[in-house]
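Okay, so here's the structure we're looking at.
Only a predicted model underlies this, so the values are computations on that prediction, with no experimental measurement involved. One is the number of the first residue; the rest follow in order along the sequence.
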Amino acid sequence: MLKGAAFTGISMPNGKSSMVSVVMMLACALVVPLLSAPAGASNIDWNTDKLVSGAENYNGDTITLTANLTITGSLTLTNVDLKVNTPANGTYTILVDDGGSLTVLGKSKLHSTSAENHFLFQVRSNGTLIMNNSELHDCGWDDIDNYTMNPNSDRGLYIESNNVFITNCTITHNCVGILVDSSSSPFIRNNNISDNDACGVEVYSSSTPTIDHNYVGGNLQMAIGWPIGGIMSSGASPTISNNMITANLDLYGYWQNYGIYLSGGTPSV
(Lines give C-alpha, C1' and ligand atoms only; values in the text may rest on other atoms or scores of the structure.)
Protein backbone atom coordinates (compact mmCIF):
# COMPACT_ATOMS: atom_id res chain seq x y z
CA MET A 1 0.00 0.00 0.00
CA LEU A 2 1.12 3.52 -0.68
CA LYS A 3 2.04 5.66 2.27
CA GLY A 4 0.74 9.19 2.15
CA ALA A 5 -0.97 11.96 4.00
CA ALA A 6 -4.64 12.06 4.87
CA PHE A 7 -6.48 15.38 5.03
CA THR A 8 -9.85 15.99 6.64
CA GLY A 9 -10.08 19.73 5.93
CA ILE A 10 -9.75 21.65 2.66
CA SER A 11 -9.30 25.31 1.80
CA MET A 12 -8.82 27.53 -1.23
CA PRO A 13 -5.07 28.08 -1.84
CA ASN A 14 -3.99 31.74 -2.11
CA GLY A 15 -4.07 33.01 -5.65
CA LYS A 16 -6.12 30.13 -7.03
CA SER A 17 -9.48 31.89 -7.25
CA SER A 18 -8.34 34.16 -10.05
CA MET A 19 -6.92 31.23 -11.96
CA VAL A 20 -10.20 29.31 -11.63
CA SER A 21 -12.17 32.35 -12.83
CA VAL A 22 -10.01 32.71 -15.92
CA VAL A 23 -10.32 29.03 -16.79
CA MET A 24 -14.08 29.12 -16.30
CA MET A 25 -14.34 32.11 -18.63
CA LEU A 26 -12.41 30.19 -21.24
CA ALA A 27 -14.60 27.13 -20.75
CA CYS A 28 -17.77 29.18 -21.13
CA ALA A 29 -16.42 30.83 -24.26
CA LEU A 30 -15.93 27.38 -25.74
CA VAL A 31 -19.30 26.01 -24.67
CA VAL A 32 -21.78 28.79 -25.46
CA PRO A 33 -21.35 28.92 -29.27
CA LEU A 34 -22.00 25.18 -29.46
CA LEU A 35 -25.46 25.24 -27.88
CA SER A 36 -27.24 25.77 -31.20
CA ALA A 37 -27.00 22.18 -32.45
CA PRO A 38 -29.64 21.24 -35.01
CA ALA A 39 -33.02 20.12 -33.66
CA GLY A 40 -34.14 16.52 -33.94
CA ALA A 41 -35.59 13.62 -31.98
CA SER A 42 -34.70 10.38 -33.72
CA ASN A 43 -33.76 6.87 -32.62
CA ILE A 44 -30.35 6.14 -34.13
CA ASP A 45 -28.50 2.81 -34.12
CA TRP A 46 -24.72 2.62 -34.56
CA ASN A 47 -24.29 -1.13 -35.04
CA THR A 48 -20.82 -1.09 -36.58
CA ASP A 49 -17.72 0.77 -35.47
CA LYS A 50 -18.50 4.47 -35.79
CA LEU A 51 -15.81 6.95 -36.89
CA VAL A 52 -16.57 10.67 -36.64
CA SER A 53 -13.96 12.32 -38.87
CA GLY A 54 -15.92 15.43 -39.90
CA ALA A 55 -18.39 17.58 -37.94
CA GLU A 56 -21.53 15.83 -36.66
CA ASN A 57 -24.24 17.33 -34.42
CA TYR A 58 -27.14 15.60 -32.67
CA ASN A 59 -29.90 17.27 -30.67
CA GLY A 60 -32.58 15.44 -28.69
CA ASP A 61 -31.81 12.06 -30.24
CA THR A 62 -31.53 8.62 -28.66
CA ILE A 63 -28.42 6.83 -29.93
CA THR A 64 -27.75 3.14 -29.27
CA LEU A 65 -24.09 2.26 -29.75
CA THR A 66 -23.39 -1.45 -30.29
CA ALA A 67 -19.80 -0.92 -31.42
CA ASN A 68 -16.81 1.32 -30.78
CA LEU A 69 -17.04 5.10 -31.24
CA THR A 70 -13.87 6.92 -32.36
CA ILE A 71 -13.78 10.69 -32.76
CA THR A 72 -11.07 12.34 -34.84
CA GLY A 73 -13.28 15.19 -36.04
CA SER A 74 -15.98 17.03 -34.07
CA LEU A 75 -19.02 15.45 -32.40
CA THR A 76 -21.57 17.57 -30.49
CA LEU A 77 -24.33 15.95 -28.42
CA THR A 78 -27.06 18.22 -27.03
CA ASN A 79 -29.81 16.66 -24.91
CA VAL A 80 -28.83 13.24 -26.31
CA ASP A 81 -29.34 9.86 -24.66
CA LEU A 82 -26.31 7.81 -25.75
CA LYS A 83 -26.66 4.17 -24.68
CA VAL A 84 -23.74 1.77 -25.09
CA ASN A 85 -25.09 -1.71 -25.72
CA THR A 86 -22.02 -3.58 -24.51
CA PRO A 87 -22.44 -7.34 -23.86
CA ALA A 88 -19.67 -7.44 -21.22
CA ASN A 89 -17.31 -5.15 -19.33
CA GLY A 90 -14.84 -3.39 -21.62
CA THR A 91 -16.18 -4.67 -24.94
CA TYR A 92 -16.80 -1.22 -26.45
CA THR A 93 -14.92 2.07 -26.14
CA ILE A 94 -15.73 5.73 -26.70
CA LEU A 95 -12.40 7.22 -27.80
CA VAL A 96 -11.69 10.91 -28.31
CA ASP A 97 -8.56 10.44 -30.37
CA ASP A 98 -5.78 12.94 -31.06
CA GLY A 99 -7.25 15.89 -32.95
CA GLY A 100 -10.80 14.91 -32.08
CA SER A 101 -13.35 16.93 -30.11
CA LEU A 102 -16.40 15.71 -28.17
CA THR A 103 -18.87 18.24 -26.75
CA VAL A 104 -21.63 16.93 -24.46
CA LEU A 105 -24.24 19.51 -23.41
CA GLY A 106 -27.80 20.18 -22.33
CA LYS A 107 -28.72 17.25 -20.09
CA SER A 108 -27.16 14.63 -22.31
CA LYS A 109 -26.67 11.19 -20.76
CA LEU A 110 -23.93 8.66 -21.53
CA HIS A 111 -24.54 5.22 -20.04
CA SER A 112 -24.78 1.50 -20.72
CA THR A 113 -27.96 -0.34 -21.63
CA SER A 114 -27.16 -2.58 -18.64
CA ALA A 115 -25.66 -1.20 -15.44
CA GLU A 116 -23.86 -4.54 -15.00
CA ASN A 117 -21.82 -4.16 -18.21
CA HIS A 118 -19.50 -1.18 -18.37
CA PHE A 119 -17.96 0.50 -21.42
CA LEU A 120 -14.64 2.38 -21.68
CA PHE A 121 -14.27 6.14 -22.24
CA GLN A 122 -10.86 7.64 -23.07
CA VAL A 123 -9.56 11.08 -24.08
CA ARG A 124 -6.12 11.05 -25.73
CA SER A 125 -3.47 13.70 -25.12
CA ASN A 126 -4.43 15.87 -28.11
CA GLY A 127 -8.16 15.29 -27.85
CA THR A 128 -10.74 17.74 -26.49
CA LEU A 129 -13.69 16.99 -24.19
CA ILE A 130 -16.20 19.64 -23.11
CA MET A 131 -18.90 18.17 -20.89
CA ASN A 132 -21.45 20.43 -19.18
CA ASN A 133 -24.77 19.83 -17.43
CA SER A 134 -24.78 16.14 -18.41
CA GLU A 135 -24.48 12.66 -16.91
CA LEU A 136 -21.99 9.80 -17.15
CA HIS A 137 -22.72 6.32 -15.77
CA ASP A 138 -21.45 2.72 -16.21
CA CYS A 139 -17.94 3.69 -17.35
CA GLY A 140 -14.76 1.73 -16.55
CA TRP A 141 -14.19 -1.51 -14.66
CA ASP A 142 -11.83 -3.54 -12.49
CA ASP A 143 -11.72 -7.35 -12.52
CA ILE A 144 -13.02 -7.71 -8.99
CA ASP A 145 -13.78 -11.42 -9.40
CA ASN A 146 -10.05 -12.06 -9.87
CA TYR A 147 -8.90 -9.38 -7.39
CA THR A 148 -7.27 -7.50 -10.26
CA MET A 149 -7.08 -3.80 -11.05
CA ASN A 150 -7.18 -3.07 -14.77
CA PRO A 151 -4.86 -0.57 -16.52
CA ASN A 152 -5.69 3.06 -15.74
CA SER A 153 -7.10 3.56 -19.23
CA ASP A 154 -9.86 1.01 -18.52
CA ARG A 155 -10.92 2.11 -15.04
CA GLY A 156 -13.15 5.16 -15.59
CA LEU A 157 -13.41 8.36 -17.61
CA TYR A 158 -9.72 8.34 -18.58
CA ILE A 159 -8.11 11.70 -19.34
CA GLU A 160 -4.67 12.30 -20.87
CA SER A 161 -5.47 15.76 -22.25
CA ASN A 162 -5.17 19.37 -21.07
CA ASN A 163 -8.18 20.30 -23.20
CA VAL A 164 -10.85 18.86 -20.92
CA PHE A 165 -13.57 20.86 -19.13
CA ILE A 166 -16.04 18.88 -17.01
CA THR A 167 -18.56 21.18 -15.31
CA ASN A 168 -21.98 20.86 -13.68
CA CYS A 169 -22.14 17.13 -14.42
CA THR A 170 -23.25 14.00 -12.57
CA ILE A 171 -20.57 11.30 -12.59
CA THR A 172 -22.02 8.28 -10.77
CA HIS A 173 -22.08 4.47 -10.81
CA ASN A 174 -18.80 4.12 -12.70
CA CYS A 175 -15.64 2.31 -11.57
CA VAL A 176 -13.40 5.34 -10.93
CA GLY A 177 -15.42 8.50 -11.53
CA ILE A 178 -12.64 10.44 -13.30
CA LEU A 179 -9.06 9.22 -13.76
CA VAL A 180 -6.43 11.84 -14.73
CA ASP A 181 -3.10 10.59 -16.13
CA SER A 182 -0.08 11.41 -18.32
CA SER A 183 0.81 14.92 -17.08
CA SER A 184 -2.58 16.33 -18.05
CA SER A 185 -4.39 19.29 -16.52
CA PRO A 186 -8.17 19.02 -16.99
CA PHE A 187 -10.62 21.41 -15.31
CA ILE A 188 -13.15 19.62 -13.08
CA ARG A 189 -15.64 21.93 -11.36
CA ASN A 190 -19.08 21.89 -9.76
CA ASN A 191 -19.82 18.21 -10.41
CA ASN A 192 -21.55 15.50 -8.42
CA ILE A 193 -18.96 12.68 -8.34
CA SER A 194 -20.53 10.05 -6.14
CA ASP A 195 -21.52 6.40 -5.71
CA ASN A 196 -18.69 5.08 -7.86
CA ASP A 197 -17.09 1.67 -7.26
CA ALA A 198 -13.61 3.07 -6.55
CA CYS A 199 -12.34 6.61 -5.91
CA GLY A 200 -14.30 9.61 -7.08
CA VAL A 201 -11.19 11.12 -8.70
CA GLU A 202 -7.75 9.52 -9.15
CA VAL A 203 -4.72 11.52 -10.34
CA TYR A 204 -1.38 10.12 -11.58
CA SER A 205 1.85 10.80 -13.46
CA SER A 206 2.67 14.46 -12.74
CA SER A 207 -0.83 15.59 -13.73
CA THR A 208 -2.06 18.98 -12.52
CA PRO A 209 -5.87 19.04 -12.66
CA THR A 210 -8.01 21.72 -11.03
CA ILE A 211 -10.62 19.98 -8.84
CA ASP A 212 -12.87 22.70 -7.49
CA HIS A 213 -16.36 23.02 -5.94
CA ASN A 214 -17.34 19.37 -6.48
CA TYR A 215 -19.39 17.05 -4.30
CA VAL A 216 -17.38 13.82 -3.87
CA GLY A 217 -19.29 11.37 -1.72
CA GLY A 218 -20.32 7.78 -1.19
CA ASN A 219 -17.64 6.29 -3.42
CA LEU A 220 -16.75 2.68 -2.53
CA GLN A 221 -13.51 0.72 -2.44
CA MET A 222 -14.13 -2.48 -4.38
CA ALA A 223 -10.60 -3.06 -5.71
CA ILE A 224 -7.92 -4.89 -3.76
CA GLY A 225 -4.57 -3.39 -2.81
CA TRP A 226 -5.22 0.35 -3.03
CA PRO A 227 -6.15 2.98 -0.45
CA ILE A 228 -9.57 4.50 -0.76
CA GLY A 229 -10.09 8.21 -1.10
CA GLY A 230 -12.78 10.50 -2.29
CA ILE A 231 -9.87 12.07 -4.18
CA MET A 232 -6.62 10.10 -4.51
CA SER A 233 -3.36 11.45 -5.97
CA SER A 234 -0.11 9.56 -6.57
CA GLY A 235 2.99 11.36 -7.90
CA ALA A 236 0.88 14.26 -9.15
CA SER A 237 0.13 17.89 -8.28
CA PRO A 238 -3.59 18.57 -8.33
CA THR A 239 -5.18 21.76 -7.03
CA ILE A 240 -8.01 20.66 -4.74
CA SER A 241 -10.24 23.45 -3.43
CA ASN A 242 -13.73 24.11 -2.02
CA ASN A 243 -15.01 20.55 -2.44
CA MET A 244 -17.44 18.72 -0.18
CA ILE A 245 -15.91 15.27 0.41
CA THR A 246 -17.86 12.86 2.59
CA ALA A 247 -18.80 9.23 3.30
CA ASN A 248 -16.32 7.51 0.98
CA LEU A 249 -16.20 3.91 2.20
CA ASP A 250 -14.10 0.76 2.10
CA LEU A 251 -16.76 -1.80 1.24
CA TYR A 252 -14.74 -4.79 2.46
CA GLY A 253 -13.06 -3.22 5.47
CA TYR A 254 -9.49 -3.85 4.26
CA TRP A 255 -8.20 -0.30 3.99
CA GLN A 256 -8.36 2.94 5.91
CA ASN A 257 -10.71 5.47 4.37
CA TYR A 258 -9.53 8.93 3.35
CA GLY A 259 -11.43 11.94 2.15
CA ILE A 260 -8.25 13.01 0.33
CA TYR A 261 -5.24 10.71 -0.05
CA LEU A 262 -1.97 12.21 -1.36
CA SER A 263 1.28 10.39 -2.08
CA GLY A 264 4.19 12.28 -3.67
CA GLY A 265 4.03 15.22 -6.06
CA THR A 266 3.33 18.78 -4.89
CA PRO A 267 -0.44 18.97 -4.47
CA SER A 268 -2.20 22.14 -3.33
CA VAL A 269 -5.09 21.60 -0.93
Side-chain angles (χ1 to χ4, degrees), residues 4-5 7 10-31 34 71 74 94-104 121-132 134 136 139-140 151-169 171 174 176-193 196 198-216 229-243 245 260-269:
F7 291 82
I10 55 178
S11 62
M12 177 67 109
N14 291 334
K16 293 297 181 182
S17 58
S18 60
M19 178 196 70
V20 169
S21 298
V22 169
V23 176
M24 278 301 296
M25 289 173 64
L26 291 174
C28 291
L30 288 169
V31 170
L34 296 169
I71 303 160
S74 173
I94 297 173
L95 174 63
V96 185
D97 210 344
D98 289 331
S101 175
L102 172 61
T103 303
V104 184
F121 189 178
Q122 302 166 358
V123 184
R124 292 273 170 83
S125 59
N126 290 315
T128 297
L129 172 64
I130 298 170
M131 191 170 178
N132 182 65
S134 295
L136 174 65
C139 173
N152 283 349
S153 59
D154 294 353
R155 300 187 63 235
L157 171 50
Y158 179 73
I159 297 170
E160 294 182 299
S161 172
N162 298 333
N163 301 314
V164 172
F165 302 88
I166 302 172
T167 55
N168 308 303
C169 290
I171 313 290
N174 305 286
V176 178
I178 300 173
L179 197 151
V180 182
D181 208 352
S182 302
S183 301
S184 61
S185 57
F187 185 75
I188 302 166
R189 189 177 195 275
N190 201 35
N191 303 287
N192 175 358
I193 306 172
N196 296 292
C199 295
V201 182
E202 295 185 9
V203 186
Y204 299 96
S205 302
S206 302
S207 295
T208 57
T210 296
I211 305 170
D212 178 67
H213 276 93
N214 301 281
Y215 171 79
V216 184
I231 299 174
M232 194 280 288
S233 174
S234 176
S237 302
T239 296
I240 302 170
S241 54
N242 291 298
N243 301 280
I245 302 173
I260 301 174
Y261 184 94
L262 306 173
S263 176
T266 54
S268 175
V269 180

Next item on the list: State, with a plain yes or no, whether a side-chain heavy atom of Arg124 is found less than 4.5 Å away from one of Val96.
Entry: no
Margin query: Tell me the closest heavy-atom pair linking Ile245 and Gly230, and the distance in Å.
Written below: CG2-CA, 4.3 Å
Checklist line | Minimum heavy-atom distance Leu102-Phe121, with the two atoms named | finding: CD2-CZ, 3.8 Å
Next item on the list: Kindly give the heavy-atom pair with the smallest separation between Asn243 and Ile211, and that separation in Å.
Entry: ND2-O, 3.0 Å
Margin query: Is it the case that the side chain of Asp212 and the backbone of Thr210 share a donor-acceptor pair, with hydrogens and angles ignored and the cut-off at 3.5 Å?
Written below: no
Note to self: Within the structure provided, determine whether Asn192 and Ile171 are in side-chain contact (heavy-atom separation under 4.5 Å).
What the structure shows: no
Checklist line | Stepwise side chain to side chain contact (heavy atoms under 4.5 Å, CB included) check, Ile71 with Asp97 | finding: CA-CA 6 Å; Ile71 303 160; Asp97 210 344; over 6 Å; no
Next item on the list: Flag the pair Tyr215 / Ile193 as yes when at least one side-chain heavy-atom distance between them is below 4.5 Å, and no otherwise.
Entry: no
Checklist line | Closest non-hydrogen atom pair, Ser207 against Ser183 | finding: OG-N, 3.2 Å
Note to self: Could you check whether any side-chain heavy atom of Leu157 comes within less than 4.5 Å of a side-chain heavy atom of Leu179, counting everything from C-beta outward?
What the structure shows: no
Note to self: Pairing donors with acceptors under 3.5 angstrom, does anything connect the side chains of Ser185 and Asn162?
What the structure shows: yes
Item checked: Partner set under side-chain contact (heavy atoms from CB on, under 4.5 Å) for Asn126, not counting sequence neighbours -> Asp98
Next item on the list: Rounded to the nearest 0.5 Å, what's the gap from OG on Ser182 to OH on Tyr204? Could you check?
Entry: 12.0 Å
Margin query: What's the separation between atom CD1 in Ile188 and atom CD1 in Ile166, rounded to the nearest 0.5 Å?
Written below: 5.5 Å
Next item on the list: Run through Asn174, Asp181, Val176 and flag the one making a side-chain contact (heavy atoms from CB on, under 4.5 Å) with Arg155.
Entry: Val176
Checklist line | Donor-acceptor contact below 3.5 Å, side chain Thr103 vs main chain Leu129 | finding: no
Margin query: So which atom in Ser205 and which in Ala236 form the shortest heavy-atom distance, rounded to 0.1 Å?
Written below: N-CB, 4.5 Å
Next item on the list: Would you check, one step at a time, whether the test side chain to side chain contact (heavy atoms under 4.5 Å, CB included) holds for Met131 with Thr167?
Entry: CA-CA 6 Å; Met131 191 170 178; Thr167 55; over 6 Å; no
Next item on the list: Considering non-hydrogen atoms only, spot the tightest contact between Ser184 and Pro186 and give its length.
Entry: C-CD, 3.5 Å
Checklist line | Residues that Asn163 engages under side-chain contact (heavy atoms from CB on, under 4.5 Å), provided they are two or more places apart | finding: Thr128, Ser161
Next item on the list: To the nearest 0.5 angstrom, please state how far the CG atom of Asn214 sits from the CD1 atom of Ile231.
Entry: 7.0 Å
Checklist line | Ser237 side chain vs Thr266 backbone, donor-acceptor pair below 3.5 Å | finding: yes
Next item on the list: Working to the nearest 0.5 Å, report the span between CD of Glu202 and OH of Tyr261.
Entry: 12.0 Å
Next item on the list: Please tell me if the side chains of Thr239 and Thr208 come closer than 4.5 Å, counting only heavy atoms from C-beta onward.
Entry: no
Notebook entry, point to check: Roughly how far, to the nearest 0.5 Å, is the OG atom of Ser134 from the CG atom of Asn168?
Noted result: 9.5 Å
Item checked: Ile94 CD1 to Gln122 CD distance, which is reported to the nearest 0.5 Å -> 10.5 Å
